[in-house]
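Every chain is numbered from 1 and lettered A, B, ... according to where its sequence line falls, protein lines coming before strand lines.
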Protein chains: 2
Amino acid sequence: MRRMSAGEPRNNRIQRAVVQLILDRGLGPGAPLPTEAELMEDLGVSRNSVREALKALQALDIVEIRHGYGTYVGQASLTPLVDGLTFRTLTRHADDPGALAEILQVREVLEEGLIRRVATTVTEAELDRLEAVVTRMELAGRAGRPFPELDHQFHELLYVSLGNALVPQLLGAFWTVFRRVAGARGWTADPAPDVTVRRHRDIVTALRARDAAGAQQAMAVHFRGIEARAVRGSWGVG
Amino acid sequence: MRRMSAGEPRNNRIQRAVVQLILDRGLGPGAPLPTEAELMEDLGVSRNSVREALKALQALDIVEIRHGYGTYVGQASLTPLVDGLTFRTLTRHADDPGALAEILQVREVLEEGLIRRVATTVTEAELDRLEAVVTRMELAGRAGRPFPELDHQFHELLYVSLGNALVPQLLGAFWTVFRRVAGARGWTADPAPDVTVRRHRDIVTALRARDAAGAQQAMAVHFRGIEARAVRGSWGVG
DNA sequence: CGCAGGACGTAGGACGTCGTATCTCCTCAC
DNA sequence: GTGAGGAGATACGACGTCCTACGTCCTGCG
């Protein structure tokens, strides 16, 4: 933790002022902010300074800038986390699987813990939708097409019953980082689609039986598969 | 996921170019970057554009700007996540405990899952250090002083044996967000220090016995306490 | 009445200038 | 010879102004 949003430098002051403005006025995502001209007048700074501050806030997805239209309150998504983690993983240990393994472990712990809770909250309708996704995976697999998007969708759908908006975003962020780094490393192999399909189906089956321990176990097995793939990929054996 | 690091706009192009430069040259945290003047020449853009791009990357802790000295590769910490989550929590549901509860649930799931693994990896030396922290908590509690920093330290120390650098940073981020939002809400109450101390000690005791299930249970109890505190605080009953 | 084109507002980008912080290295006193 | 202090170089911080690109909305023509 360095400074940020607690800084004495001029520019950070502007950032905090904009954030404070949003908070004070109770603005929600998508609400319009004052124009750059208004901000430079209200804060008594130049337009360049305003723009630099807005750019920084844009990088944090706290504001959204639309060219020729205006500045708006952002979605405060986890995009910054994705960018930061991707960079971090790519830059540290350039060809060491360790950095990716760390992300994978966090995902694993999260999903294994969450799936237990899901077993008691998931609805039959959601299970049907999950089943449908798995079926589509199966079709894609038989057609020889990879299905990263379906995989993502599955894991996102899995946790809606928790009513926790942060969970799918966080998992989505880790998923995206993993995918991006894997892509940058070249090993895009999505091997053995039938195995992947089966493991996803096992999870749905356990959930349908309201078997928390079984679901957790199925999820653990699923992650063993991903881990094996990652390690193999980094070693260039696959 | 919006755009960011995949954009066609001029400025994002500059950001990506800087990141690419770091990646290509294999620069690590603390390594010096070209000066703004060099960047504006290499990329064929104005200094303002360079500065806006660097400001954005600074917000992501991908670069670090030192006034009068130069620009350096940043630590790629989770500071952006802290800022983003704090903003998100403060802006959405302004006086609803739900947003904080989401963060708490993620922390809970993470720590409960991690503590099981720790039970098999933690060393005696680490347990001694944890014990020492708890003792200091006890002393602070008896003196009537709150000990948020010791609490943080305890949870950070807990997971070093996993060898996963991401875990403590992630938990630290959630912890900081929680604390900051709680502070902004006014309910700084840290009630019943003796109970908190006992719960921490229970965790250490279970770990010392290599009792994974017991440690997880102790952690769960610990979080029940935090949750109760949070809800009470937001209702203004405490 | 409908739609195409232009006026207007707003952000994107560039250039030049001055201010300020930090480091380096030289000088001078001891 | 050594170390403290200051001059200068280097690099970021901030400002003002201009022009361009983009979107919206209104107006006027068909």
Side-chain angles (χ1 to χ4, degrees), chain A residues 2-19 21-22 25 27 29-75 79, chain B residues 2-19 21-22 25 27 29-75 79:
Chain A
R2 180 162 266 76
R3 79 203 72 109
M4 183 90 304
S5 80
E8 53 301 333
R10 186 62 161 260
N11 198 294
N12 288 1
R13 185 180 73 80
I14 303 175
Q15 290 184 35
R16 285 190 298 115
V18 173
V19 170
L21 183 149
I22 295 173
R25 299 192 186 176
L27 302 178
L33 257 55
T35 66
E36 293 181 354
E38 287 172 322
L39 284 176
M40 60 184 275
E41 187 163 349
D42 291 353
L43 303 175
V45 295
S46 75
R47 176 146 176 257
N48 275 335
S49 302
V50 169
R51 296 194 78 249
E52 284 178 10
L54 289 179
K55 268 287 178 183
L57 292 177
Q58 184 192 37
L60 296 174
D61 202 15
I62 285 178
V63 310
E64 182 179 349
I65 305 177
R66 281 189 244 168
H67 188 173
Y69 194 47
T71 309
Y72 299 82
V73 178
Q75 302 296 322
T79 308
Chain B
R2 180 160 267 78
R3 79 203 72 107
M4 183 89 308
S5 79
E8 53 301 332
R10 186 61 162 259
N11 197 294
N12 288 1
R13 184 180 73 81
I14 303 175
Q15 289 184 36
R16 284 189 298 116
V18 172
V19 170
L21 183 148
I22 296 172
R25 299 193 185 174
L27 302 179
L33 259 56
T35 67
E36 293 181 354
E38 287 171 321
L39 284 176
M40 61 185 276
E41 186 163 347
D42 291 352
L43 303 175
V45 295
S46 74
R47 180 148 172 251
N48 267 333
S49 301
V50 169
R51 282 180 55 75
E52 283 177 11
L54 290 179
K55 271 285 179 183
L57 292 178
Q58 183 191 38
L60 296 174
D61 202 15
I62 285 178
V63 310
E64 181 180 350
I65 304 177
R66 279 191 246 166
H67 189 172
Y69 194 45
T71 309
Y72 298 81
V73 178
Q75 301 297 321
T79 309

Exercise. Applying ring-ring contact (aromatic ring centres under 6.0 Å, His included), which residue pairs with at least one partner in residues 39-69 of chain A are found, sequence neighbours left out?
Worked result: A:Tyr69-A:Tyr72
Exercise. Whole Å only: how far is the CD atom of B:Glu64 from the P atom of D:dA11?
Worked result: 17 Å
Exercise. Taking the side chain of A:Ser46 as heavy atoms from C-beta outward, which of C:dA14, C:dT17, D:dG16 is closest to it?
Worked result: D:dG16
For this session: Record whether the side chain of A:Arg47 comes under 3.5 Å of the base of C:dG12 through a donor-acceptor pair of N or O atoms.
Result: yes
Exercise. For the base of D:dG16, is there a side-chain donor-acceptor partner from A:Asn48 under 3.5 Å away?
Worked result: yes
Exercise. Would you say the base of D:dC12 and the side-chain of B:His67 have a donor-acceptor pair closer than 3.5 Å?
Worked result: yes
Exercise. Where the side chain of A:Tyr69 is concerned, which of D:dC12, C:dG12, D:dT24 is the nearest nucleotide?
Worked result: D:dT24
Seminar exercise, completed: The residue, A:Thr71 or B:Gly68, whose nearest nucleotide of DNA chain C is more 5′ is A:Thr71
Exercise. Among the nucleotides D:dG13, C:dA11, C:dG13, which one has an atom lying closest to any side-chain atom of A:Glu36?
Worked result: C:dA11
Exercise. What distance separates A:Gln58 CD from A:Thr71 OG1, expressed to the nearest 0.5 Å?
Worked result: 9.0 Å
Exercise. Looking at B:Thr35, does any N or O in its side chain come under 4.0 Å of the phosphate oxygens OP1/OP2 on D:dT10?
Worked result: no
For this session: Rounded to the nearest 0.5 Å, what's the gap from CG on A:Asn48 to CE on A:Met40? Could you check?
Result: 9.0 Å
Exercise. Starting at NZ of B:Lys55 and ending at C1' of D:dA14, how long is that distance when rounded to a whole Å?
Worked result: 11 Å
Exercise. When rounded to the nearest 0.5 angstrom, what distance separates NZ in B:Lys55 from CG in A:Leu54?
Worked result: 12.0 Å
Exercise. Can you tell me how far C1' of D:dA11 sits from CE of B:Met40, to the nearest Å?
Worked result: 13 Å
Problem set entry | Interatomic spacing from CG in A:Leu33 to CD1 in A:Ile22 - rounded to 0.5 Å | 4.5 Å
Seminar exercise, completed: When rounded to whole Å, the CG to C1' distance for the pair B:Leu33 and D:dT10 reads 16 Å
Problem set entry | Whole-Å distance separating the CG atom of B:Leu54 from the P atom of D:dA14 | 14 Å
Exercise. Does A:Arg51 put a side-chain nitrogen or oxygen below 4.0 Å from OP1 or OP2 of C:dA11?
Worked result: no
For this session: Take the protein atom CG of A:Leu43 and the nucleotide atom P of D:dG13, then report the distance between them rounded to whole Å.
Result: 18 Å
For this session: Answer yes or no: does a side-chain N or O of B:Arg66 lie under 4.0 Å from OP1 or OP2 of D:dA11?
Result: no
